[in-house]
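Report on the structure given below.
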Amino acid sequence: MAIDARKDPATRTGAYRRIGEQLGVSSEALRTWVSRAEVDEGLRPVTTTADADRIALKMTLLPASRHFR
């Protein structure tokens, strides 16, 4: 809903605020959720949530693996 509203020039202005009010969430929370959804769907060229989680897990395990060398 928010992505479609943003694409339409007639409804773009204030779309997050308007839709956020309808859903009972802040416009900033909605903007963050939409941004993350666009990344996870490959619509934005940055690291996906799944990749970020995998990298974070690898980084937490890295010091432990050095201990066993």
message: Can you confirm whether Leu30 sits close enough to Val34 that some side-chain heavy atom of one is under 4.5 Å from a side-chain heavy atom of the other?
response: yes
message: How long is the straight-line distance from OG of Ser27 back to CZ of Arg18, given to the nearest 0.5 Å?
response: 11.5 Å
task: Supply the atom-to-atom distance Leu23 CG to Tyr16 OH, rounded to the nearest 0.5 angstrom.
output: 12.5 Å
message: Could you see if Val25 belongs to whatever hydrophobic cluster contains Met1? Use Ile, Leu, Val, Met, Phe, Trp, Tyr and a side-chain cutoff under 4.5 Å.
response: yes
Whether Ser35 side chain and Arg31 backbone form a donor-acceptor pair below 3.5 Å: no
query: How far does CG of Asp40 sit from OG1 of Thr47, to the nearest 0.5 angstrom?
result: 10.5 Å
